[in-house]
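Worksheet: one structure, shown below.
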Amino acid sequence: MKLLVTGGAGYIGSVVAAQLVEAGHQVTVLDDLSTGHADAVPPGARFVEGSITDALGVLPGMDGVLHFAAKSLVGESVEKPGLYWAHNLGGTLALLDAMRTAGVGRIVFSSTAATYGEPERSPVLETDPTRPTNPYGASKLAVDTALTTFAGLYGLAAVSLRYFNVGGAYTAKDGQVYRERHAVETHLIPNVLAVALGGRDALSVFGTDYPTPDGTCVRDYIHVADLARAHLLAMEACSPGEHKIYNLGNGTGFSVQEVLSVCREVTGHEIPAVVRERRPGDPAVLVASSEKIQSELGWKPEHPSVREVVADAWSVLPR
Ligand code: UFG
């Protein structure tokens, strides 16, 4: 297929673009490089530097779009909600409009567990209430809602994938390495590994008074290679007039303390940690039920262990 990957110079988008190229698709990456890296675009893909609001220039002739380009910092979204509504919702509506004009009818959208907010139960099912607790999650949920409407109205074929916590790195068959390298790093595993590398003095553990077995937050960590593979399945399976929503996680929760222990084992470093206040808006437990995507699309994680997620992230870190 001829496919457009928006945000394909970012962490997850670049892994998906690499897997699409490996699977024989013709891939164009559209990325404004506001947070992405030009050298993360796979060698076999065409790269167009630009905004999703200018997608009409590259859409004609495409069979589908995988849409990753977005603002994705929860804390920033609380401080600057307008930015998140403009980029994540406004930008996506412009992209959907351009897709209709260009006659492109398939989209796989990068949604998030943040659409659920503070879930009432674990694991979370796709049918559970969506009550986002920050503008980032709200803007992604608004796009999910728009996709449902557009599928019904215009026959769009759409899939939203709701990611839980993504980690690890991907090494393509040509040896090219794709890894997480955010200028502003908020995520747990890269922050722990930065301490192991000596780039930071200690890990801040945000809260030890949650209602969890060890008091720290519990998350469901999914390997980026497994997550990416779900996008290829979704693009092949999506059908006109339908909007499907799937959670993506492994169904097992690990606490911040447990992740820290795994990182200590994998790296062989002591990794000092200091307890800090809770980070505003962090739910205590976020674990996915991925049964729906397993049964409907045949997706199965190949790297379900958090140890492998950490080991793969660690092994490719430049030192
Ligand atoms: N944490 C720390 N110290 C750090 C970083 C994180 O203790 O330096 C803790 C957090 O408080 C949280 C856990 O580690 O309890 C995981 O935090 P991450 O930032 O790695 O991931 P989140 O669960 O906050 O975020 C993920 C996605 C978001 C999405 C969110 C949904 O990365 O895009 O889930 O709640 F919005």
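First listed ligand is number 1; within each ligand, the first listed atom is number 1. Keep in mind that the numbers below use all heavy atoms, side chains included, and drop hydrogens, waters and symmetry copies. No experiment lies behind these values; they were computed from the predicted model shown. Just so you know, residue 1 is the first one in the sequence shown, and it goes up from there.
Looking at residues two or more places apart in sequence or on another chain, you find a salt bridge (charged side-chain N to carboxylate O under 4.0 Å, His left out) between R181 and D39. Every residue two or more places apart in sequence or in another chain was checked for a salt bridge (charged side-chain N to carboxylate O under 4.0 Å, His left out) with E242, and none qualifies. With sequence neighbours excluded, the residues that form a salt bridge (charged side-chain N to carboxylate O under 4.0 Å, His left out) with R229 are D226, E302.
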Pairs under 3.5 Å, N/O atoms on ligand 1 and on the protein: can you put them in a table with the distances?
from: ligand 1; atom 1: 3 (N); to: S204; atom 2: O; distance (Å): 2.7
from: ligand 1; atom 1: 7 (O); to: S204; atom 2: O; distance (Å): 3.3
from: ligand 1; atom 1: 7 (O); to: F206; atom 2: N; distance (Å): 3.0
from: ligand 1; atom 1: 8 (O); to: N191; atom 2: ND2; distance (Å): 3.1
from: ligand 1; atom 1: 11 (O); to: D282; atom 2: OD2; distance (Å): 2.6
from: ligand 1; atom 1: 17 (O); to: R279; atom 2: NH2; distance (Å): 3.4
from: ligand 1; atom 1: 19 (O); to: T186; atom 2: O; distance (Å): 3.2
from: ligand 1; atom 1: 19 (O); to: R279; atom 2: NH1; distance (Å): 3.4
from: ligand 1; atom 1: 19 (O); to: R279; atom 2: NH2; distance (Å): 2.9
from: ligand 1; atom 1: 20 (O); to: L188; atom 2: N; distance (Å): 2.7
from: ligand 1; atom 1: 21 (O); to: N165; atom 2: ND2; distance (Å): 2.9
from: ligand 1; atom 1: 23 (O); to: N165; atom 2: ND2; distance (Å): 2.9
from: ligand 1; atom 1: 23 (O); to: R219; atom 2: NE; distance (Å): 2.6
from: ligand 1; atom 1: 24 (O); to: R279; atom 2: NH2; distance (Å): 2.7
from: ligand 1; atom 1: 32 (O); to: H187; atom 2: NE2; distance (Å): 2.8

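Less than 6.0 angstrom separates the ring centroid of Y163 from the ring centroid of H231.
Both tests do not hold together for R219 against F164: distance to the six-membered ring centre under 6.0 Å, angle to the ring axis within 45°. R179 forms no cation-pi arrangement with Y11, by the criterion of a distance under 6.0 Å to the ring centre and an angle within 45° of the ring axis.
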